[in-house]
Structures are given as C-alpha cells and as structure tokens.
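Computed over heavy atoms, backbone and side chain alike; hydrogens, waters and symmetry mates excluded.
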Amino acid sequence: MSLVKVLLLEGDGIGPEVVTEAVKVLSLLSNHTDLRFELERADFGGLSIENHGKPLLDSVSKLALESDAVLLGAVGGPQWDGLSLECRPERGLLELRSDLEVFANLRPAKFFESLATASPLREELSKEADFIIVRELIGGIYFGHPQSVQIDNGVRRGVSTMVYDEQEIRRIGAVAFEIAQSRKKRLVSVDKANVLDVQRLWREVMNELSRDYPDVELEHYYVDNCAMQLVTNPSQFDVLVTGNMFGDILSDTAAALTGSLGMLPSASVGEKTGIFEPVHGSAPDIAGQEKANPIAAILSLGMLLEHSANRGDLGNLLTRAVDDVLAAGYRTLDISTGSRREKLVGTSEM
C-alpha cells in the first residue's frame, strides 16, 4: 500500500467546487486501488488575504514542501483587483511556484472527438491534435528584475524585465527533450530570437542541448508564427518548449482545441513537490452556481497520479473515463452547443 500526501489549496471562485469533485475521485481510488491519500487543506490566494492578510503564508508553503503533491483550484477575483501586485492573490501563486522550485509547467492539449462541435476550429484541422506545451515557470519576465512603475518628469513609466541564464534554459530544455523522446521525437522551441537578446540566447542553448538528444528533431518557431500555427494546423505539433510569458499565452490558445479552458489540466514539476491545477481561472461570475466544469481539475489529478504517485496507469484511466463521459453526451455549460443529443449537467453530476 502506498500513501500519497496531498495538500489541497482550493483558493477562490470555482476553485473549491472543482477541487471537491477531484477529491471524490481520490476517494474512489482509495477504495479500489492500493493507493491511500492523506489530505490536508489550507487557505490560499484571495481566501488567505481575507483570513490572514496575505495570499500565501509561510506555514502553507512549508506544508506544501512536506507534501507529495499540491492539488490547486484557482486564485483571484475582482474584489482584489485594486490591491498592489505584491498583495494580489496571483502573487501567492508565483511565490508558491518559486518556493517549490517547479520550473517546468506541463500543459497537454488533446482533441476529444466528441467535443468537435464545441471547438471553434473545423474538425478536420484539429481532430489529430495531441501535443504538450512545456513552459518554463519560475523565470523570465514574471520574475526578472527590475520591475516597477515610476514617475519620470510627471510621466508614469513601467518596467518589466525578461531574464534567463543558460542554466535555466538548459534545465527546461532537458525536460522537453526527454518528453519528446518518449513521444514522437519532435520538439519545437518557441522564441522571439529575431528581436530579443534573451531569446537569441534561448535559441543558442536549445541548439547546443540538441546535440545530447540526436534522436529528437528540433525546430524553432517565432512565437507569433507559432500562435498562428496553433489555430490553423495544431496537429503538426507534438512537444513545444518556451519561456514563461509565451507559454502562458500559447497554452491558453490551445484551449481552442477543446472549446473551453475547463478542459485543460496542468502539472508544475521540479526537484520538490509538484503542483497540479486546471488551466482555467477562478471564474467568479459562475462560482457557487453548479456551472463549473470539473474535468480540468480531474485531469490535473490524473497528472498528479502520474508524476507524484508514479501511477501513470491510473492517470490514463481517468483520461479514458473522461472520454467515455463526453462520448455519452454529458456536457457542462461551457462545452455545450445546445444539441438535443447533449445532456446538460452541473458540476457535481459531471
């Protein structure tokens, strides 16, 4: 029997709702497999601001480090938009990622045939799509210095700095090359090397690293071209690797394949505890209304099983279960097209 310690950070908006459904799946697995889960909950994000005055307590970060995995819901909401950047819920997420040193964010994008009508892309463009975006997560413009808004001669001036050193690039590149080796042996590195010095370094290091993986075909795409290719010919991709900001944007673009962010899971991994969270935000406009799609949270749990419990077989089982439910016509509002063949259900029934 294996014990997996999971810290639940439900967060804000629909976060508690979708995490609740994922925990139901954990309970089912505990009853029918040799895995047992020790669960602990803690305040995080906006909830932590309201209860403790800051989005991430040191004690919560310590709990995360002592856990095998963190299952996270979502953070943020309009009630905290007026706070300074250092005090907003999203800052807690950045701090948690940094504390746990989860430098690699893995975001798979898989076309579910039963959702073809929910996607804004024509089915013939996206039906073969099955790729993964490897995003560097604790460097780049979100963490670089200097960062400030200053007043210069009466004019406000904002500065954010994109910084990567070759060790950071090599580290995330190695993860991407190894994933590519386990798939179709094709890797696309996404940059803006034609205009940014930091991105020229990115490309140079990726080329150097490719010598260690001669069985993997490496290509380079500028980020603007890659964005266009994702929505015009997504099936050409297998593994993509890119920096923090570009990965943030491109992985949300990949939601077009499924028609909803509510379908996309993610895993953030490094040398310590992994963080597993749906790609969608806190969706405060539908919070508490039984409208949230729990599938991304459940698929994120599948990634937790693969990466933190070494049970990829159970992760695959969850993916097949989701596929079966979608094929049977069950839909939450975000992936419904109004077809008579669909069965519109709420969060818990899905």
Checklist entry - In this structure, are over 12 heavy atoms from other groups packed under 6.0 Å from L3 atom CG? => result yes
Checklist entry - Hey, are H220 and N207 close enough side-chain-wise for a donor-acceptor pair under 3.5 Å? => result yes
Checklist entry - Any sub-3.5 Å donor-acceptor pair from R36's side-chain atoms to T33's backbone N or O? => result yes
Item to check | Criterion side-chain contact (heavy atoms from CB on, under 4.5 Å) on V6 and D68, from CA distance to verdict | outcome: CA-CA 6 Å; V6 180; D68 296 308; 6.0 Å; no
Checklist outcome for this item: Minimal heavy-atom distance between P278 and A297, with the atoms involved, is CB-N, 3.9 Å
Item to check | Pairing of R170 and D165 as salt bridge, 4.0 angstrom limit | outcome: no
Checklist entry - Any salt bridge between D130 and K110, counting N to O under 4.0 Å? => result no
Next on the checklist: Between E50 and W80, is there a side-chain donor-acceptor contact under 3.5 Å, judged purely by atom types and distance?
Outcome noted: yes
Checklist entry - Passes side-chain contact (heavy atoms from CB on, under 4.5 Å), V23 versus T20? Steps please. => result CA-CA 5 Å; V23 169; T20 293; 5.8 Å; no
Next on the checklist: Tell me whether E66 is salt-bridged to K62, with the criterion being a basic N under 4.0 Å from an acidic carboxylate O.
Outcome noted: yes
Checklist entry - Between N244 and Y164, is any side-chain donor less than 3.5 angstrom from a side-chain acceptor? => result no
Checklist entry - Between S300 (side chain) and P265 (backbone), is there a donor-acceptor pair under 3.5 Å? => result no
Checklist outcome for this item: On a heavy-atom basis, the closest approach of V102 and I138 is O-CG2, 3.6 Å
Checklist entry - Any sub-3.5 Å donor-acceptor pair from S282's side-chain atoms to D12's backbone N or O? => result no
Checklist entry - If only atom types and distance count, is the side chain of T347 paired as donor or acceptor with the main-chain N or O of A292 below 3.5 Å? => result yes
Item to check | salt_bridge(D334, K291) N-O dist < 4.0 Å | outcome: no
Next on the checklist: Within the 3.5 Å criterion, strictly below it, is a donor on N105 or S268 matched to an acceptor on the partner's side chain?
Outcome noted: yes
Item to check | Y330 and E342 side chains, donor-acceptor separation under 3.5 Å | outcome: no
Item to check | Ion pair R97/E277, N-O distance below 4.0 Å | outcome: yes
Next on the checklist: Can you give me the closest heavy-atom contact between A104 and L137, atom names plus distance?
Outcome noted: N-CB, 4.5 Å
Checklist entry - Only one of E290, E17, K24 forms a side chain to side chain donor-acceptor pair (under 3.5 Å) with S348, so which one is it? => result E290
Checklist entry - So, does E136 use its side chain to make a donor-acceptor pair with the main chain of G139 at under 3.5 Å? => result yes
Checklist entry - In terms of side-chain geometry, is the basic nitrogen of D152 or R157 positioned less than 4.0 Å from the acidic oxygen of its partner? => result no
Next on the checklist: For the aromatic rings, using the six-membered ring if either is Trp, is the centroid distance between F237 and Y221 under 6.0 Å?
Outcome noted: yes
Checklist entry - Do E101 and K272 meet the salt-bridge criterion of a basic N to acidic O distance under 4.0 Å? => result yes
Checklist entry - Is it the case that S61 and D99 place a side-chain donor and acceptor less than 3.5 Å from each other? => result yes
Checklist entry - Does the distance from a Lys or Arg side-chain N to an Asp or Glu carboxylate O, for K185 and E217, drop under 4.0 Å? => result no
Item to check | Quiz item: cation-pi between K192 and Y222, 6.0 Å / 45° | outcome: yes
Next on the checklist: Assess the residue pair E10 and R41 against the criterion (salt bridge (charged side-chain N to carboxylate O under 4.0 Å, His left out)); give the C-alpha distance rounded to whole Å, side-chain angles, the decisive distance to 0.1 Å, and a yes or no.
Outcome noted: CA-CA 8 Å; E10 297 170 332; R41 286 176 168 83; 3.1 Å; yes
Checklist entry - Under 3.5 Å, is there a donor-acceptor pair between the side chain of S182 and the main chain of I179? => result yes
Item to check | Any donor-acceptor N or O pair under 3.5 Å, side chains R331, S336 | outcome: no
Next on the checklist: Counting neighbours of CG on D58 that are heavy atoms of other residues, nucleotides or ligands and sit closer than 6.0 Å, is the number greater than 12?
Outcome noted: no
